[in-house]
Asks: 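Below is the structure I would like to discuss, written out as structure tokens.
These numbers come from the heavy atoms of this one structure, side chains and all, not from hydrogens, waters or symmetry mates. Not measured: the values here are computed from a predicted model.
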Amino acid sequence: MVESVAQKRPFWPVWLYFAGLVLAEWLAAGASRGPGMLVHTLIVLAALIHAAYLSGPAARMLSVLALAPMVRVLDLMMPQTFVDPVWRFPLVNLPLIVAVFMTIRTLNLRRQELGIQVGFLPVQILIAISGPVVGIIEHRIIQPQAMAGSLEWSEVLLPALMLMIFTGFSEELLFRGLLQNTAIAVLGPLGGITYVALIFGAFHFGWQSGADVLFVAVVGWTWGWLAWRTRSLLGVSIAHGLANIWLFLIMPLTAGG
């Protein structure tokens, strides 16, 4: 019922917020991060104030949408030279996990609504094994530096755990769980999944590769559709974590990246 109302009366301001996020990411990808941080901060304030004057699904969506630029501000504020890349992920994403669970509690959302359940396990396993393929393809596009010196267990275990928990779990909980759930209530399934996938792609502007932004948006849309259809984040969370393990650990060390 909510979806049909959303389709009859589209909440167009969410696309203004999307345009603002794209602008902020484009600015942050430049030589100076300051303008991007400023725009992200303004989006957080605008979304929260706007949500306070609304009710129902639109208010929920804007409250959740404010989390994305908030986390990006934390990321952009992180010193580039004094923080080991391995510890960068928990420093940024641990506050995200806390904020997401506080938002879930405040909005009184059930875990089944967000996909925090196993679902049909064979299907989730099939989704999960797409992760290495995604990581291999993205490595060919951006070729990042390795997060470890070798593939010895002592070198890769900690980075792999960090990537699995603080990118796979935390980012899927925000994007495909909380944000997509509230976006679908406003924009309908197709609009909500597309909206979140576009934001997910825009948040990769920092790699300064249009091909990577497009690829990540397509992957985000696919994972979003799978999470929505299966009502579970398990497969996409594991896939996301494995994709980053292949992208930042395995491929750079085996392909001479």
Side-chain angles (χ1 to χ4, degrees), residues 18-19 21-33 36 40 68-69 71-72 75-76 78 80 83-86 88-89 92-93 96 126-151 155-156 159-172 174-176 179-180 193-227 233 235-257:
F18 169 72
L21 290 172
V22 170
L23 174 62
E25 285 299 297
W26 178 73
L27 291 170
S32 175
R33 296 182 167 203
H40 272 309
V71 172
R72 287 296 288 142
D75 185 32
L76 293 170
M78 197 72 60
Q80 296 294 300
V83 178
D84 190 297
V86 173
R88 186 182 188 87
F89 292 106
V92 172
N93 287 284
L96 167 62
L126 287 175
I127 296 171
I129 61 177
S130 71
V133 177
V134 171
I136 291 170
I137 295 173
E138 191 172 9
H139 178 265
R140 291 181 177 272
I141 299 172
I142 59 174
Q143 299 185 346
Q145 292 185 343
M147 287 180 59
S150 72
L151 288 177
E155 293 260 1
V156 301
L161 287 173
M162 293 296 185
L163 289 168
M164 185 63 72
I165 296 170
F166 294 111
T167 65
F169 172 70
S170 65
E171 292 182 11
E172 289 306 311
L174 172 61
F175 285 100
R176 252 63 66 178
L179 182 53
Q180 182 169 289
I193 293 170
T194 302
Y195 187 83
V196 173
L198 290 173
I199 292 177
F200 189 61
F203 275 16
H204 288 73
F205 275 19
W207 291 106
Q208 299 183 343
S209 168
D212 187 55
V213 171
L214 177 60
F215 175 70
V216 170
V218 171
V219 170
W221 195 96
T222 305
W223 284 347
W225 184 83
L226 290 169
L233 295 176
V236 296
S237 296
I238 296 174
H240 192 158
L242 289 176
N244 283 339
I245 288 172
W246 254 257
L247 175 62
F248 293 113
L249 290 173
I250 295 178
M251 290 304 297
L253 293 171
T254 58

Asks: Specify the closest pair of heavy atoms between Val92 and Val71, including all atoms of both residues, with the distance to one decimal.
Replies: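 That would be CG1-CG1, 3.7 Å.
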Asks: Enter the distance from Ile238:CD1 to Leu233:CG here, rounded to the nearest 0.5 Å.
Replies: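 One finds 11.0 Å between CD1 of Ile238 and CG of Leu233.
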Asks: For Pro252 and Trp246, work out which heavy atoms get closest and say how close.
Replies: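 Smallest interatomic distance, heavy atoms only, reads CD-O, 3.7 Å.
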Asks: Are the side chains of Val134 and Trp223 in contact, using a 4.5 Å heavy-atom criterion?
Replies: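 With C-beta onward as the side chain, the pair touches.
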Asks: Quick one: does Leu21's side chain get under 4.5 Å of His40's, heavy atoms only?
Replies: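 Result yes, sub-4.5 Å side-chain heavy-atom pair found.
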Asks: Kindly say whether Ala227 contributes a backbone atom to a donor-acceptor pair with the side chain of Arg176 at under 3.5 angstrom?
Replies: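 Judged by distance alone, no pair lies under 3.5 Å.
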Asks: Scan side-chain atoms only and decide if Glu25 and His204 contain a donor-acceptor pair under the 3.5 Å cut-off.
Replies: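 The answer is no; no qualifying pair exists.
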Asks: Do Ser209 and Phe215 have side chains that get closer than 4.5 Å, going by heavy atoms?
Replies: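 No - every pair of side-chain heavy atoms lies 4.5 Å or more apart.
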Asks: From Ser237 OG over to Ile165 CD1, what is the distance, rounded to the nearest 0.5 angstrom?
Replies: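 One gets 12.0 Å once the value is rounded to the nearest 0.5 Å.
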Asks: Calculate, to the nearest 0.5 Å, the distance between atoms CH2 and CD belonging to Trp221 and Gln180 respectively.
Replies: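 The CH2 atom of Trp221 sits 9.5 Å away from the CD atom of Gln180.
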Asks: How far apart are the closest heavy atoms of Ala202 and Val213, and which atoms are they?
Replies: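 Taking every non-hydrogen atom into account, N-CG1, 4.3 Å.
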Asks: Drop me the distance from Leu247's CG to Met147's CE, to the nearest 0.5 angstrom.
Replies: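 Here the interatomic distance stands at 10.0 Å.
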Asks: Just wondering, do Met164 and Leu242 contact through their side chains at under 4.5 Å, heavy atoms?
Replies: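 SC-SC contact between Leu242 and Met164 confirmed.
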Asks: Determine whether the aromatic ring centres of Phe200 and His240 lie less than 6.0 Å apart.
Replies: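 When the ring centroids of Phe200 and His240 are compared, they turn out to be within the sub-6.0 Å range.
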Asks: Can you find a pair of side-chain heavy atoms, one from Arg72 and one from Asp75, that are under 4.5 Å apart?
Replies: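 Yes. Closest side-chain heavy atoms under 4.5 Å.
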Asks: Of the non-hydrogen atoms in Asn244 and Leu163, which two are nearest, and what is the gap between them?
Replies: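 Heavy-atom minimum between the residues: O-CD1, 3.6 Å.
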Asks: If you take all heavy atoms of Ile250 and Leu151, which pair is closest and at what distance?
Replies: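 The pair with the smallest heavy-atom distance is CA-CD2, 4.2 Å.
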Asks: Looking at every heavy atom in both Val216 and Gly201, which two are closest together, and how far apart are they?
Replies: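 Val216 and Gly201 have their closest heavy atoms at CG1-CA, 4.1 Å.
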Asks: Look only at the side chain of Gln208 and the backbone of Ala29, and say whether a donor-acceptor pair between them is shorter than 3.5 Å.
Replies: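 Yes.
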Asks: Measuring from Asn93:CG to Arg88:CZ, what's the distance to the nearest 0.5 Å?
Replies: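 Result: 10.5 Å between the selected atoms.
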Asks: Between Val22 and Phe205, is there a side-chain heavy-atom distance shorter than 4.5 Å?
Replies: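 Yes, their side chains come closer than 4.5 Å.
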Asks: As an exercise, state the distance from CG of Leu249 to CD of Glu155, rounded to the nearest 0.5 Å.
Replies: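 Answer rounded to 0.5 Å: 10.0 Å.
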